[in-house]
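Basis for what follows: all heavy atoms, side chains included, without hydrogens, waters or symmetry-related copies.
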Amino acid sequence: QVQLVESGGGLVQAGGSLKLSCAASGRTFSSSAMGWFRQAPGKEREFVAGISWSGDTTDYADSVKGRFTISRDNAKNTVDLQMNSLKPEDTAVYFCARSRNRYYVYEGSVADWGQGTQVTVSS
């Protein structure tokens, strides 16, 4: 099992930026795809972004394409989510996730979840 700890959430005005970071413990991090999900109040958790074990392949939800960038550093066991041009509809709790799959991450592939970090975007 890998422990995931998110940081970097907070309150930001619309149009602003935030960078979320996820620190992982455990030896399986570098061989796992990683991702970010979010859950807004009253809504189901949804996929935001994913990155393959090597960092060569990334995937984004349509709602964040062109605004968010996922990256990873296997030497430091970290995965980041740079969020630019934030909108009020980006307000949610953001979760870091480790996939059982080396290449893709989706809800059903997640082996480990972080505790979540709150992102609030004011209009």
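Hydrophobic cluster membership is shared by Val64 and Val121, with clusters built from Ile, Leu, Val, Met, Phe, Trp and Tyr side chains linked at under 4.5 angstrom. In the hydrophobic cluster analysis, where Ile, Leu, Val, Met, Phe, Trp and Tyr join through side-chain heavy atoms closer than 4.5 angstrom, Phe37 is grouped apart from Leu20. In the hydrophobic clustering of this structure, Phe95 groups with Val110; members are Ile, Leu, Val, Met, Phe, Trp, Tyr whose side-chain heavy atoms approach within less than 4.5 Å, directly or through other members. Criterion: ILVMFWY side-chain heavy atoms under 4.5 Å apart, direct or through other members. Under it, Leu81 and Met34 are part of a common hydrophobic cluster. A single hydrophobic cluster is seen to contain both Leu18 and Ile51, as judged by linkage of ILVMFWY side chains at heavy-atom distances under 4.5 Å, directly or through other members.
Judged by distance alone, the side chains of Asp80 and Gln82 never bring a donor and an acceptor atom under 3.5 Å apart. No side-chain N or O of Thr78 forms a donor-acceptor pair with one of Asp73 less than 3.5 Å apart. Counted by atom type alone, Arg100 and Ser109 present zero donor-acceptor pairs between their side chains at under 3.5 Å.
A cation-pi arrangement is present between Arg45 and Trp113 under the rule of less than 6.0 angstrom and at most 45 degrees off the ring axis.
For Arg67 (side chain) and Ser85 (main-chain N/O), a donor-acceptor pair under 3.5 Å exists by modelled atom type. Remark: the backbone N or O of Gln115 is paired with a side-chain donor or acceptor of Glu6 at under 3.5 angstrom. One N or O on the side chain of Tyr60 and one on the backbone of Ile70 form a donor-acceptor pair closer than 3.5 Å. Between the side chain of Ser30 and the backbone N or O of Asn74 there is no donor-acceptor pair closer than 3.5 Å. Between the Ser99 side chain and the Tyr104 main chain, a donor and an acceptor come within less than 3.5 Å of each other.
Here the two rings, on Phe47 and Trp36, have centers that are 6.0 Å apart or farther.
For Glu89, the CD atom sits in a packed shell: over 12 heavy atoms of surrounding residues, nucleotides or ligands are nearer than 6.0 Å.
How far CZ of Arg38 is from CD of Gln118: 12.0 Å, rounded to the nearest 0.5 Å.
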